[in-house]
Amino acid sequence: MNLSSRRLALCCSLLLGCVSAELLITTVGSDVTLICNYDVQYYGRLSACWGRGAIPNRGCGNEVIKSDGTSVISRLSERYLLMGDLAEGDVSLTIRQVEEADSGTYGCRVDIPGWFNDHKHHVTLAVNAVRPNPLKIETREVKERTVTVRWSSGFDGGRPITIYRVELKNKQASWDTAIRTDVANPELTQVTLVDLRPAKAYNLRMFAINNVGMSESSNVLTVTTKEAAPEGPPVDMLLEAISSDSIRVSWKPPRPELRNGILRGYSISYREYDPASRHFKRWQHLSVTATRDQESIILMNLKPSVPYGVLIQAKTNAGIGPASTAPLCSTLEEVYKTTVATSLASSTAASVWVHDTSLTSAHTASTAESDFAVTIWEEITTNTTSVAPDPPSIELKAVKDNTLSISWTAGFEGDSPITGYCLEYKAASALWDYTKTVVDFGPEETEATIIEINPSTYNIRMFARNSMGTSKASNVLTITTGEAGQPRDEVIPTIPTDSHASESAESHSVHPAAIIVPVLLIFLTGTMVTAWQIRRVKQKQGSLSIWLSSGVLRYRGSESLQEL
């Protein structure tokens, strides 16, 4: 804050007494003192007053404070003080936390006995607005892909705050690379940033802006998002038959940017394929601890000359990721019974070698049943008389660039009061079961502002919770956001639906032509190629050999193709 004063004029006359003037320039929010003194040793204690505007012939116009020479006997506001020593003749006026409206002329009058002897002193005060004070921000909630922060606003500089600016960057990067978002709602006290990466460290800071300028930076938050299940499968998966009852499986971890945390282990699922019935048998499962950049394990006690399918999934503390697949691999054929015995013996030895990462047959069965139960538990319903709340109804309030504001209205609360709301948020091209973001809200909250770090098209839906359970999904909003100045699609609200219905609606939203035309083209192309091959075979002299897994099947040009 700048404070300056300048004496403009000093005039003393026999008729008017002493009249002086002064100019003070200060800033909104500061304390300012307007100087006024008289010679108490010569005159003794005298009454004095301060008023707004020019000093009239008697008293003080628009009086703000008055003293009888010993103490203050009246004042217009608690902000007006005489803080000087009255016994020393100091009747200077102090105004606390000045505002722009305090600008103007002030007059001090000291009542000196005799005609035209009063001491008069004018001060012109200029109060200028300034930039807002820095915000103080704190973390409210950190999840896998979202961060919610809230702030307390300080002094606004004398002008209303019009915009809050949010800056977010990777912890190791410079602020020049930060994603900047302006939130044009000065009434907000918290905001949620979405589309973050799991298990990543970020820096976040904010600024307040009024029509004078932008505040200094707030305190800087360092937040690390929580881990999530891996988004990518293990890579470079390879199956290799090494005996009639074992297959070596090797792979590498998922790509680093898709791990979403520290890899803790892998789930290996395998099952045999029956060529006769063309069906797979039941899955068996193994767990392996993640240890290095090239992993491998040997599947033991397999059947000879049987194809096996294998899936591998990476795991973090937050969950399990998508599966990596490879072509079927068949175990080797049995050659001699002695070899089989040796293989069984080596199988037992190998089981001891991998006992930390494999399961016994009994344990494998129980694990399979457990995994199956985990997969379908959401489909099991129980009879109960408890009533969960009805789903809330959500609507879009505003979309500006990559910031959107929504509000919601609660429905019937069920058998107990609503304890909170859960907002689910995903890319429009994804299913609700995958890559969704969850933001929790308290029971009293009815609106939210969300900042998308990567503007795109999104689906939003909401659930209500009480002690009896969770409601069905609300209506789904499809919202397209973009960078500043970019066109965006209109908001498309849909009817209330549960998660399965939402997925069904998304799948049915594809135009039929997008499916029928490619299928017809593929069919016609296949027909033409087949006809050309048949004609070519009939014209060719000799035989056609088709290699199958069991040997060679000969086709003579004069025989019917239908027999194949």
key: side chain to side chain donor-acceptor pair (under 3.5 Å) between Thr419 and Asn466, worked out   = CA-CA 5 Å; Thr419 57; Asn466 65 11; over 6 Å; no
key: Aromatic ring pairing Trp251/Tyr266, orientation class (parallel under 30°, perpendicular over 60°, tilted between)   = perpendicular
key: Arg292 atom CZ, neighbour heavy-atom count above 12 within 6.0 Å   = yes
ask   = Does some side-chain heavy atom of Cys422 sit less than 4.5 Å from a side-chain heavy atom of Thr470?
value = no
query = Between Met237 and Thr325, what is the shortest heavy-atom contact and its length?
reply = SD-C, 3.8 Å
query = If you look at every heavy atom in Ala241 and Ser330, which pair is closest and at what distance?
reply = CB-O, 3.1 Å
Nearest heavy-atom neighbours spanning Ala208 and Pro132 = O-CG, 3.8 Å
task = Say whether, by atom type as modelled, one donor and one acceptor occur between the side chain of Ser324 and the main chain of Pro234 under 3.5 angstrom.
result = yes
task = Could you go through the side chain to side chain donor-acceptor pair (under 3.5 Å) check for Ser467 and Ser416 one step at a time?
result = CA-CA 6 Å; Ser467 60; Ser416 67; 2.8 Å; yes
Any donor-acceptor pair under 3.5 Å from Ser250 side chain to Glu295 backbone = no
query = For the residue pair Glu227 and Ala199, what are the closest heavy atoms and their distance?
reply = CG-CB, 4.1 Å
task = State, without any angle test, whether Ser471 and Asp390 hold a side-chain donor-acceptor pair at a distance under 3.5 Å.
result = no
ask   = Donor-acceptor pair, Glu395 side chain versus Ser407 backbone, under 3.5 Å?
value = no
inquiry  = Does Arg271 qualify as a cation-pi partner of Phe280, given the criterion of NZ or CZ under 6.0 Å from the six-membered ring centre and within 45 degrees of its axis?
reply    = yes
inquiry  = Between Asp195 and Tyr458, does the side chain to side chain donor-acceptor pair (under 3.5 Å) criterion hold? Intermediate values first, please.
reply    = CA-CA 11 Å; Asp195 305 326; Tyr458 291 88; 2.9 Å; yes
ask   = Given the rule in the side chain to side chain donor-acceptor pair (under 3.5 Å) test, do Thr403 and Thr181 qualify, once you have shown the distances and angles that lead to the verdict?
value = CA-CA 8 Å; Thr403 302; Thr181 302; 5.2 Å; no
request  = Could you check if a side-chain atom of Asn219 sits within less than 4.5 angstrom of a side-chain atom of Ile137, using non-hydrogen atoms only?
outcome  = yes
inquiry  = For Thr449 and Leu404: C-alpha separation, side-chain torsions, deciding distance, then whether side chain to side chain contact (heavy atoms under 4.5 Å, CB included) applies.
reply    = CA-CA 6 Å; Thr449 295; Leu404 59 98; over 6 Å; no
remark   = Rounding to 0.5 Å, atoms CD1 (Ile406) and NZ (Lys397) come to a distance of 10.0 Å
Salt-bridge criterion met for Arg180 and Asp401 (N-O under 4.0 Å) = no
message = Just verifying a value: how many Å separate Lys315 NZ and Ser267 OG, rounded to the nearest 0.5 Å?
response = 5.5 Å
message = Is it the case that atom CD in Glu444 sees more than 12 heavy atoms from other parts of the structure closer than 6.0 Å?
response = no
task = Look only at the side chain of Asn475 and the backbone of Ile394, and say whether a donor-acceptor pair between them is shorter than 3.5 Å.
result = yes
query = What distance do Ser296 atom OG and Arg248 atom CZ have between them, rounded to the nearest 0.5 Å?
reply = 6.5 Å
ask   = Are the side chain of Thr481 and the backbone of Asn402 linked by a donor-acceptor contact shorter than 3.5 Å?
value = no
request  = Quick one: do Arg140 and Asp440 satisfy salt bridge (Lys or Arg N to Asp or Glu O under 4.0 Å)? Show the steps, please.
outcome  = CA-CA 11 Å; Arg140 180 179 181 271; Asp440 294 321; over 6 Å; no
inquiry  = Return the OG to NZ distance between Ser174 and Lys169, rounded to the nearest 0.5 Å.
reply    = 7.0 Å
query = Is Arg197 close to Tyr202 at the side-chain level, that is, under 4.5 Å between some pair of heavy atoms?
reply = yes
key: Side-chain donor/acceptor of Thr224 to backbone N/O of Ala201, under 3.5 Å   = no
key: Short side-chain to backbone donor-acceptor contact, Arg259 and Pro254, under 3.5 Å   = yes
Over-ring placement of Arg205 relative to Trp175, 6.0 Å and 45° cut-offs = yes
query = Is there side-chain contact between Thr331 and Asp245, with heavy atoms separated by less than 4.5 Å?
reply = no
message = So, taking the atom named OG in Ser215 and the one named CD1 in Ile209, what distance separates them when rounded to the nearest 0.5 Å?
response = 7.5 Å
request  = Verify the neighbour count for atom NZ of Lys226: are there more than 12 heavy atoms of other residues, nucleotides or ligands below 6.0 Å?
outcome  = no
key: Verdict with reasoning, Ser217 to Phe207, per side chain to side chain contact (heavy atoms under 4.5 Å, CB included)   = CA-CA 5 Å; Ser217 169; Phe207 301 85; 3.6 Å; yes
request  = Answer yes or no: is there a donor N or O on one side and an acceptor on the other, between the side chain of Asn170 and the main chain of Gln172, under 3.5 Å?
outcome  = no
Pair Leu423-Phe463, side chain to side chain contact (heavy atoms under 4.5 Å, CB included): steps then yes or no = CA-CA 6 Å; Leu423 181 142; Phe463 300 83; over 6 Å; no
message = Do Tyr308 and Tyr273 have side chains that approach each other closer than 4.5 Å (heavy atoms only, starting at C-beta)?
response = no
key: Glu231 and Arg145 ion-paired at < 4.0 Å   = yes
task = Determine whether Leu188 and Val183 make a side-chain contact, defined as any pair of heavy atoms from C-beta on separated by less than 4.5 Å.
result = yes
Heavy-atom side-chain proximity of Leu286 to Ile297 below 4.5 angstrom = yes
key: Cationic tip of Lys426 above Trp432 ring, under 6.0 Å, 45° of axis   = yes
task = Please determine, by modelled atom types, if Tyr425 and Thr146 share a side-chain donor-acceptor pair under 3.5 angstrom.
result = no
key: Shortest non-hydrogen contact from Ala388 toward Gly469   = CB-C, 4.1 Å
task = State, with a plain yes or no, whether a side-chain heavy atom of Gln294 is found less than 4.5 Å away from one of Lys252.
result = yes
remark   = Closest non-hydrogen atoms of Ala229 and Thr316, given as atom of the first, atom of the second and distance, are CA-OG1, 3.9 Å
ask   = What do the steps show when you test Leu204 against Leu193 for side chain to side chain contact (heavy atoms under 4.5 Å, CB included), and what is the final call?
value = CA-CA 10 Å; Leu204 187 147; Leu193 288 77; 3.9 Å; yes
task = Could you tell me whether the side chain of Trp151 and the main chain of Val191 form a donor-acceptor pair under 3.5 Å?
result = no
task = Look up atom NZ in Lys143 and atom CG in Leu196, then write down how far apart they are to the nearest 0.5 Å.
result = 12.5 Å
